[in-house]
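The figures that follow rest on heavy atoms only: side chains count, while hydrogens, waters and symmetry mates do not. Remember, it's a predicted structure, so these values are computed and weren't measured experimentally. Letters go in sequence order (proteins before strands), and every chain restarts at 1.
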Number of protein chains: 2
Amino acid sequence: MEKTELSQILKANFKHLENDLRDEIVQFGKLESIPAGDLLMDMGSPITYVPLIFEGNIKVTREDEEGNEIFLYYLESGDSCALSLICSGRERISRIRAVATEDVVAIMIPIAKMDEWMVKYKTWYYFVLETYQYRLEELLRTIDSIAFKKMDDRIVEYLRKTSETQNSLTLHATHQSIAQELNSSREVISRLLKKLEQKGMIKLGRNQIEIIDLFL
Amino acid sequence: MEKTELSQILKANFKHLENDLRDEIVQFGKLESIPAGDLLMDMGSPITYVPLIFEGNIKVTREDEEGNEIFLYYLESGDSCALSLICSGRERISRIRAVATEDVVAIMIPIAKMDEWMVKYKTWYYFVLETYQYRLEELLRTIDSIAFKKMDDRIVEYLRKTSETQNSLTLHATHQSIAQELNSSREVISRLLKKLEQKGMIKLGRNQIEIIDLFL
DNA sequence: TCGCTTATGTGACTTTGGTTACAAATGATC
DNA sequence: GATCATTTGTAACCAAAGTCACATAAGCGA
């Protein structure tokens with residue numbers, strides 16, 4: 001991709017950043033395409049860049065020692081990854097996994113530039129702080145969900161979020177995969193999905209869930 | 001308290017901060033004492049300062065619309081409050097509650113200075129970023145606990161954390177209050193505490209739990 | 001000491017979610 | 001279309017946690 005084209009894209013997706021900063025991003029950032037399904041970040045691999053997402057979605061999950069997994073949130077175009085900042089910052093192993101759910105186009109910023117720009121560009125400073133703040137809030141919402149809600153509500157919430165970020169009313173997932181994301185078991189998810197179908201909220205198919213109305 | 005005394009305390013508790021910065025903190029910060037039991041922050045009240053804690057502990061909890069509550073973590077001397085940064089940053093209502101569990105002495109930094117110092121002082125910059133990172137990790141650990149662990153383990157973990165921050169093997173709490181923090185019910189907590197007692201991990205008394213060995 | 005309030009103990013029961021063990025359906029491939 | 005792997009459906013059962021009902025017990029103040 002041409003630098004000028006990159007500059008255009010940047011202007012469109014991160015319009016709140018000042019011009020000089022965007023020039024530097026074009027200069028020092030490395031554009032990368034990540035095919036759907038690829039891991040951007042896995043447990044414990046040290047991070048040396050911070051991604052700015054142009055296109056596609058990224059699913060962020062948490063995994064514990066015993067292999068239990070749980071869905072945290074999606075990242076979309078215009079987002080950056082606060083958790084990559086965590087890993088980078090203290091060189092520590094954070095058991096976080098980030099997978100591209102659609103083909104992702106992102107520009108990779110070297111960590112060193114990160115810090116440099118914080119001082120140099122007010123807009124970058126606010127962007128990074130907002131990223132942190134937004135992710136903290138997102139994690140709090142995740143906690144709400146896990147701590148206070150029952151599995152059926154959590155499924156509905158998961159379907160809603162997934163439908164929103166993928167911008168589609170037809171989701172492609174197996175009950176097994178959903179069970180994994182919600183740290184439950186396949187049978188439980190099948191049971192509850194069936195109930196949602198009976199309520200007329202969704203329509204089930206093999207490898208597919210059609211969303212009719214999640215607010216019934 | 002004298003400015004010079006304040007300066008000494010600051011030097012002792014936040015020694016990683018550079019001298020000029022400490023001088024500014026003394027100059028612009030306001031020293032406050034918060035008696036045990038007082039709220040530092042409640043749901044939705046906008047924050048105009050960031051506290052640096054010298055003495056005492058602060059318990060941070062999350063509450064949802066329906067009044068369900070859950071313990072997140074403790075803040076101790078040397079900490080700041082990343083969540084106050086959230087509230088301040090976007091002027092948004094975050095349903096977070098911070099209560100002093102012991103008498104707290106803290107210095108309150110006006111938000112404006114916060115931003116100013118980020119650019120001016122490298123040590124402040126790293127301190128704030130580390131605060132964010134550390135709290136994000138803490139929240140992830142909270143998620144692990146809620147999502148992956150059963151109630152008995154969660155109680156043990158809660159007792160351990162509380163004992164550590166209060167630096168005491170004798171805790172003063174009712175089963176009801178613990179139930180609230182873990183978003184459970186009194187009877188369940190009583191039952192499980194009794195089991196822990198039978199295993200010899202704790203000794204129960206009225207309004208009191210004596211910790212014997214939580215690693216049995 | 002006598003009440004009274006607050007805290008704890010406990011049994012019985014319900015609900016939610018996890019487990020086991022299959023059966024049936026769907027799609028892909030030959 | 002027959003075969004096969006994958007996915008989904010379901011029933012029966014189990015375990016954890018929440019609820020209800022009530023019994024004690026411990027501390028406090030009059």
task = Take the protein atom CD of A/Gln176 and the nucleotide atom C1' of D/dA5, then report the distance between them rounded to whole Å.
result = 15 Å

query = Expressed in angstrom and rounded to an integer, what is the separation of B/Ile70 atom CD1 from D/dA17 atom P?
reply = 13 Å

query = Any donor-acceptor pair under 3.5 Å joining the side chain of A/Arg191 to the base of C/dG18?
reply = yes

note = Comparing nearest nucleotides in DNA chain C, the 5'-proximal residue of the pair A/Met151, B/Leu204 is B/Leu204

ask   = Rounding to a whole Å, what distance do you find between B/Leu171:CG and C/dA7:C1'?
value = 17 Å

inquiry  = Check B/Arg160 with B/Glu164, please: is the shortest side-chain N to carboxylate O separation under 4.0 Å?
reply    = yes

remark   = In short, A/Pro51 meets A/Ala106 closest at the heavy-atom pair CB-CB, 4.5 Å

task = Please tell me which of A/Arg206 and A/Glu187 maps to the more 5' nucleotide of DNA chain D, matching each residue to the nucleotide holding its nearest heavy atom.
result = A/Arg206

request  = Taking only the side-chain heavy atoms of B/His175 (C-beta and beyond), determine which of C/dG17, D/dG9, C/dT8 contains the nearest atom.
outcome  = C/dT8

request  = Answer yes or no: is there an ion pair linking B/Asp64 with A/Lys149, defined by an N-O contact shorter than 4.0 Å?
outcome  = no

task = Starting at atom CG of B/Leu193, determine the distance to atom P of D/dA17, rounded to an integer number of angstrom.
result = 13 Å

query = Ion pair present between B/Arg154 and B/Glu157, side-chain N to carboxylate O less than 4.0 angstrom?
reply = no

inquiry  = In whole Å, I'd like the distance from the CD atom of A/Gln180 to the C1' atom of D/dT7.
reply    = 15 Å

key: Candidate nucleotides C/dG9, C/dT16, C/dG18, ranked by approach to the side chain of A/Ser185 - the nearest   = C/dG18

task = Check the distance between D/dC22's C1' and B/Arg186's CZ and give it to me in whole angstrom.
result = 11 Å

query = Whole-Å distance between D/dG18 P and A/Lys149 NZ?
reply = 18 Å

inquiry  = Using a heavy-atom cut-off of 4.0 Å across all strands, would you classify B/Thr174 as base, sugar-phosphate, or nothing?
reply    = sugar-phosphate

key: Nearest-neighbour nucleotide for the A/Ser190 side chain, C/dT19, D/dT8, D/dA17 considered   = D/dT8

task = Specify the separation, in whole Å, of atom CG of A/Asn183 and atom C1' of C/dG18.
result = 11 Å

query = What is the ring orientation for B/His16 with B/Phe127, classed by angle as parallel under 30°, tilted 30 to 60°, or perpendicular over 60°?
reply = tilted

query = In terms of the nearest nucleotide of DNA chain D, which residue is placed more toward the 5' end: B/Leu192 or A/Gly205?
reply = A/Gly205

